[in-house]
Amino acid sequence: GEIWYKVYKQFRKRGYATEAVSKLIEISDETEFYLSIDFFNRASKKVAKKLGFIYEERRGKNLIFTKSK
């Protein structure tokens with residue numbers, strides 16, 4: 001499954017994205033997960049790293065990360 005999220009400015013740096021993505025993975029029936037992250041989005045790259053996603057490739061301005069359950 002591909003996971004999309006957006007955290008509005010006033011709610012950033014509180015761990016909400018990490019918590020939400022972690023919970024989605026936990027409750028999902030999917031076994032493979034993908035994140036497509038803008039090259040300059042340092043916060044989302046940190047979320048991917050914290051949750052054990054692995055960098056796969058760059059597609060234009062996006063970096064693709066994957067994780068297996």
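Taking the side-chain contact (heavy atoms from CB on, under 4.5 Å) definition, one finds that Glu32 meets it with Tyr34, Ser68, sequence neighbours left out.
The shortest side-chain heavy-atom distance between Ile3 and Phe65 does not fall under the 4.5 Å cut-off. You'll find the side chain of Asp38 reaches within 4.5 Å of the side chain of Asn62, heavy atoms only. In this structure the side chain of Val47 reaches within 4.5 angstrom of the side chain of Tyr5, judged on heavy atoms.
Across every non-hydrogen atom of Ser36 and Glu2, the tightest pair is CB-OE2, 4.1 Å. Of all the heavy atoms in Ala48 and Leu35, the pair that sits closest is CB-CD1, 3.9 Å. Glu56 and Thr66 make their closest contact through OE2-OG1, 2.8 Å (heavy atoms, listed as atom of the first residue, atom of the second, distance).
Taken to the nearest 0.5 Å, the CZ atom of Phe33 stands 5.5 Å off from the CD1 atom of Ile25. Taking NZ of Lys46 as the start and CG of Asn41 as the end, the distance is 10.5 Å to the nearest 0.5 Å. For the atom pair CD (Glu19) and CD (Glu26), the distance works out to 10.5 Å, reported to the nearest 0.5 Å.
Trp4 and Val7 fall into different hydrophobic clusters, where Ile, Leu, Val, Met, Phe, Trp and Tyr are joined by side-chain heavy atoms under 4.5 Å apart, directly or via other members. Linking Ile, Leu, Val, Met, Phe, Trp and Tyr residues whenever their side-chain heavy atoms come within less than 4.5 Å leaves Ile64 and Val21 in two separate clusters. A continuous path of hydrophobic side-chain contacts links Ile37 to Tyr55 [ILVMFWY only; heavy atoms under 4.5 Å].
A side-chain donor-acceptor contact under 3.5 Å links Arg58 to the backbone of Gly60. Using modelled atom types, no side-chain atom of Lys50 and backbone atom of Thr18 make a donor-acceptor pair closer than 3.5 Å.
Taking the centre and axis of the six-membered ring of Phe40, the NZ or CZ atom of Lys45 falls outside the cone set by 45° and 6.0 Å.
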